[in-house]
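Residue numbers begin at 1 in each chain, while the letters A, B, ... track the order of the sequences. Here the structure is a predicted model, which is why all the values come from computation and not from measurement.
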Amino acid sequence: MSKELAELLFSKIDKSPEDYESIYPKRNLKEGAMVTRLGPSPTGFIHLGNLYGAFVDERLAHQSGGTFYLRIEDTDDKRFVEGAVDTIIDSLEFFDINFDEGASKEGDKGSYGPYFQSQRAEIYQCFVKKLVEEGKAYPCFMTEEEIAEVRANQEANKENPGIYGKYALNRDLTLDQVKAKLEEGLPFVIRLKSDGVSGENAKQISVEDGIRGVLTMPENFQDTVILKTTGIPTYHFAHVIDDHFMRTTHVVRGEEWLSTLPIHVELFTKLRFELPIYCHTAQLMKIDEEGNKRKLSKRKDPELSLDFYKEMGYHPTAVREYLLTILNSNYEEWRKENPELPCEDFPFTMEKMSNSGALFDLNKLNDVSKDTLVKISAADLYDFLLAWAKEFKTEIVSLLEEDKEYILRILDLDRDGNKPRKDFVCASQMFEYISYFFDKHFKLEDTMPMETTEEDVKKIVARYLESYDHTDDQSQWFDKIRKIGAALGYAAKPKDYKKNPDDYKGHVGHVSTVIRIALMGRSQSPDLWGIQQILGEAKTRERLTKFK
RNA sequence: GUCCCCAUGGUCAAGUGGUUAAGACGCCACCCUCUCACGGUGAAAUCAGGGGUUCGACUCCCCUUGGGGAUACCA
């Protein structure tokens, strides 16, 4: 009877399960090679949490000599967004996450496709048919109203909600009953006929998770929908079929899937497929407005979309470094010992991953970013800044292109030696930070120190300009400032002023701040002398003259 | 409601029965110093609570609490 039913429901399916086993044979990879995948739904929205997970997949596969592929999980047509696939690929590529196989801008790549679930209906249906044949799945015609009624009853009786056991009204329909309903043209879904039981008699299943160790949970008992009215499977079924036939060895996914794991285990078992190794990652969290820890969410956290980092101009390497520090707690230590090695050399392990959700920490990212950027050459930094500007700050592109040499010197200011400056965090901040070098962006931002008077300020600038010699070395230059200050009643050494504040108006630091503001518009900057050398004599004099 | 996962300073965390409970970010102070940054030194700050088990619990078990997730023909 099951066979007839299966034939009735899926008359168009001509391939057999065995056919697919040979179409998608086991991959010929070396021992220990992992096959991982990213399975985004095509909303086109990728956030830091996705990148976090993708990074795990990527590292695992590439570190082991395996394969990392992209599969588009578009079983929910309501979610489709045009151009989403390209967006996903671009976003990930920016952060150096590259796929070996799967959906790509040039179409499917690899021999385990199609890589869009919406194009795999035949494959899924073949196995749904098989399950029906074996009496492990059945058509269900229950209407929304019927389901709602069941639920209401269950709630009233304090029973587990869902379609299972005696509540699965269409579980044991006869062939004739099915035929009759079909003739009426009633829509139906295919449900799994679960062997599990609800409540105290439920069996416990154990699954070894790559990150969390042995997980023990009650078996599934729900007659979960595996094929929707549309003939497209639900995530659960598509996952099982795809990861089996794409020969995924490690399923890395967020912990929100933990509670549906028993469904997947039952499906794998009923299909007689080997279970992949599941790796359930903790979710990245953030603190919301009410001060609660919360999962990063697509709708509420646009600032945590990957685009945010691109727009701010965070360097992809910095983001990777940061992610690695929260992914594997021993990464920072390793990085300290191996400052020059690429992060790909770090032996990434699942066991070192945290089981609890990390809170995203912008402070930490900034710190990691400073350390990352300080290791990047001025030339590369320039290219990065320019590329960023072309996309997000076009008005400064010509400025950057006009005099590359000038900018290289600015970017390299005081970055050598064993105590290099670490001024740069991200592209937007970089430009802001060096903007005073450009007349167009130069403006007076800070006020003169309160230790100085208006009159003194004028005198200081005038005398400084008068004595200015561009060929002075740093100490000659600074001696002059000391003298100018001393003549006006400012201590030549800050310590003298601190000891006897009443003897002086201020100290040489205040004097140089005056010059700094006159020259840069700001009270804080890298070494003044070095800046003047880059600015050049003409511009230095010009700014001082203008200031008077 | 039910089920599942998680729980060490503000944040990320080391720790797997005996430790002065690492380290990093942030914060604060001091040093270096013409400002800032860098660098250095130091400080404050953590085992959610309650029961067990044990000679001994951050560590093992139970309960409570808190947080997260699932409970869809969404993924």
Taking a pair as Watson-Crick (N1 to N3 plus N6-O4 or O6-N4) or G-U wobble (N1-O2 and O6-N3), both under 3.5 Å, which stems of 3 or more consecutive pairs involve RNA chain B?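 Stem segments, range with range: B:1-7 with B:65-71, B:10-12 with B:23-25, B:28-31 with B:39-42, B:48-52 with B:60-64.
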
Leu192(A) and side chain to side chain contact (heavy atoms under 4.5 Å, CB included): which partner among Ile163(A), Val225(A), Asn220(A), Val128(A)?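 Result: among Ile163(A), Val225(A), Asn220(A), Val128(A), Asn220(A) is the only option passing the side chain to side chain contact (heavy atoms under 4.5 Å, CB included) with Leu192(A).
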
Please report, rounded to the nearest Å, how far the [atom2] atom of [N] is from the [atom1] atom of [X].
X	N	atom1	atom2	result
Ile211(A)	C6(B)	CD1	P	12 Å
Trp257(A)	C4(B)	CH2	C1'	15 Å
Leu258(A)	G69(B)	CG	P	13 Å
Arg522(A)	U35(B)	CZ	P	18 Å

Residue pair [X] / [Y], side-chain donor-acceptor N/O under 3.5 Å:
X	Y	result
Tyr490(A)	Asp456(A)	yes
His280(A)	Tyr278(A)	no
Arg37(A)	Thr248(A)	no
Tyr436(A)	Glu445(A)	no
Gln154(A)	Asn160(A)	no
Asp361(A)	Tyr322(A)	no
Arg522(A)	Ser435(A)	yes

Closest approach to the side chain of [X], judged atom by atom: which nucleotide of [options] is it?
X	options	value
Ser354(A)	A13(B), C73(B), C3(B)	A13(B)
Asp367(A)	C32(B), C25(B), C34(B)	C25(B)
Lys352(A)	A14(B), C4(B), C6(B)	A14(B)
Asn160(A)	G68(B), U2(B), U11(B)	U2(B)
Ser259(A)	A14(B), G69(B), C73(B)	G69(B)
Asn363(A)	C38(B), A13(B), C25(B)	C25(B)

Presence of [X] side-chain N/O under 4.0 Å of [N] phosphate oxygens OP1/OP2:
X	N	value
Ser512(A)	U35(B)	no
Lys498(A)	C31(B)	no
Ser329(A)	G23(B)	no
Lys370(A)	C38(B)	yes

Mind checking the C1' distance from A13(B) to A21(B)? Whole angstroms is fine.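 After rounding to an integer number of Å, I get 12 Å for this pair.
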
When the P atoms of C36(B) and G49(B) are compared, how many Å lie between them, rounded to an integer?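 Here G49(B) and C36(B) have their P atoms 42 Å from each other.
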
I'd like to know if [X] reaches the base of [N] with its side chain such that a donor and an acceptor end up less than 3.5 angstrom apart.
X	N	result
Asp527(A)	C36(B)	no
Thr229(A)	C73(B)	yes
Arg421(A)	C36(B)	yes

Looking at every strand, decide which applies to [X] at a 4.0 Å heavy-atom threshold: base, sugar-phosphate, or nothing.
X	value
Ser525(A)	base
Ser198(A)	nothing
Trp477(A)	base
Pro161(A)	base
Val189(A)	base
Arg212(A)	sugar-phosphate
Glu219(A)	nothing
Lys419(A)	base
Lys480(A)	nothing
Pro449(A)	nothing

Between Lys495(A) and Lys158(A), which has a closest nucleotide on RNA chain B that is more 5'?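 Counting from the 5' end, the first nearest nucleotide belongs to Lys158(A).
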
Taking for each residue the nucleotide of RNA chain B with the nearest heavy atom, is it Lys336(A) or Tyr433(A) whose nucleotide lies nearer the 5' end?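 The residue whose closest nucleotide sits nearer the 5' end is Lys336(A).
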
Do Asp446(A) side-chain atoms and Ser523(A) backbone N/O form a donor-acceptor pair below 3.5 Å?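 The answer is yes, because a donor-acceptor pair under 3.5 Å joins these two groups.
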
